[in-house]
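Structure first, commentary second.
FYI, the numbering just counts along the sequence from 1. Just so it is clear, the structure is predicted and the values come from calculations on it, not from any experiment.
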Amino acid sequence: QVQLVESGGGLVQAGGSLRLSCAASVSIFDMDGMGWFRQAPGKQRELVAAITRGGISNYADYADSVKGRFTIHRDNAKNVVYLQMNSLEPEDTGVYYCAADPIYRRLLSSATYWGQGTQVTVSS
């Protein structure tokens, strides 16, 4: 069974930075798709960033609202996925979920495996 555990969330002022981490209980090399979703209060969960097995240098997808501010990175050797979030805005507030799927394309809309989520709150 795949377990994903997020960490790194918290409260930050607008313009600040946070780095989220997601530690997997199994080798993530088997997961072509690793990513981060978020859910803001009263809104549907949305994809923030996704990355293939090959890593950041190969291919990554980002929501338009975070392009240029967020960076996803995966370390297959350590079974960890990171989300570096810079220039945070109040609109980035929400619960951030780590997600994994053996099929990358499937991760772009949903995922087979989910973490429990970590709260990110950006104050204005």
Side-chain angles (χ1 to χ4, degrees):
Q1 185 175 356
V2 178
Q3 291 185 324
L4 304 172
V5 179
E6 303 97 336
S7 61
L11 173 65
V12 64
Q13 288 188 331
S17 298
L18 283 175
R19 188 178 79 158
L20 305 182
S21 299
C22 171
S25 61
V26 298
S27 172
I28 65 172
F29 189 79
D30 294 333
M31 300 293 163
D32 193 22
M34 296 292 301
W36 292 89
F37 286 73
R38 70 184 178 191
Q39 187 165 20
K43 295 186 177 181
Q44 289 189 329
R45 187 158 51 186
E46 64 173 349
L47 176 70
V48 176
I51 190 168
T52 62
R53 180 185 293 116
I56 193 173
S57 61
N58 287 12
Y59 190 74
D61 281 286
Y62 295 95
D64 288 341
S65 60
V66 307
K67 284 180 180 177
R69 300 188 297 121
F70 290 13
T71 302
I72 187 171
H73 173 67
R74 63 188 286 173
D75 188 329
N76 292 332
K78 295 182 178 179
N79 298 322
V80 180
V81 179
Y82 304 96
L83 184 68
Q84 178 66 44
M85 305 186 293
N86 299 328
S87 301
L88 283 161
E89 304 169 353
E91 293 73 22
D92 296 317
T93 294
V95 179
Y96 283 68
Y97 298 90
C98 180
D101 202 289
I103 301 174
Y104 181 76
R105 183 174 297 179
R106 195 158 60 194
L107 186 69
L108 299 181
S109 58
S110 186
T112 299
Y113 304 103
W114 295 92
Q116 293 298 309
T118 184
Q119 177 70 44
V120 171
T121 303
V122 184
S123 63
S124 57

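Looking at heavy atoms from C-beta onward, Leu18 lies in side-chain contact with Leu88 at the 4.5 angstrom threshold. Between Thr118 and Leu20, some side-chain heavy-atom pair lies under the 4.5 Å cut-off. For the pair Phe70/Val48, a side-chain contact is recorded, criterion being any heavy-atom separation below 4.5 Å from C-beta on.
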>> For Ile72 and Trp36: C-alpha separation, side-chain torsions, deciding distance, then whether side-chain contact (heavy atoms from CB on, under 4.5 Å) applies.
In response: CA-CA 8 Å; Ile72 187 171; Trp36 292 89; 3.8 Å; yes
> Taking it one step at a time, do Asp101 and Asp32 satisfy side-chain contact (heavy atoms from CB on, under 4.5 Å)?
Replying inline: CA-CA 7 Å; Asp101 202 289; Asp32 193 22; over 6 Å; no
> Hey, mind stepping through Arg53 and Phe29 against side-chain contact (heavy atoms from CB on, under 4.5 Å) and telling me if it holds?
Replying inline: CA-CA 6 Å; Arg53 180 185 293 116; Phe29 189 79; 3.4 Å; yes
>> Could you walk me through whether Met34 and Tyr104 satisfy the side-chain contact (heavy atoms from CB on, under 4.5 Å) test, starting with their C-alpha distance in whole Å, then the side-chain angles of each, then the deciding distance to 0.1 Å, before giving a yes or no?
In response: CA-CA 8 Å; Met34 296 292 301; Tyr104 181 76; over 6 Å; no
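A perpendicular orientation is assigned to the rings of Tyr97 and Trp114, their planes being inclined by more than 60° (bins at 30° and 60°).
Salt bridge status for Arg69 with Asp92: present, with a side-chain N to carboxylate O gap under 4.0 Å.
The local environment of CZ in Arg105 is sparse, with at most 12 non-hydrogen atoms from other residues, nucleotides or ligands closer than 6.0 Å. Within 6.0 Å of CD on Gln119 lie more than 12 heavy atoms contributed by other residues, nucleotides or ligands.
If you chain together hydrophobic residues whose side chains sit under 4.5 Å apart, Tyr82 and Val95 never meet in one group. Val80 and Met85 sit in two unconnected hydrophobic clusters of ILVMFWY residues. Membership requires side-chain heavy atoms under 4.5 Å apart, directly or through other members. Val81 and Val120 fall within a single hydrophobic cluster, where Ile, Leu, Val, Met, Phe, Trp and Tyr are joined by side-chain heavy atoms under 4.5 Å apart, directly or via other members.
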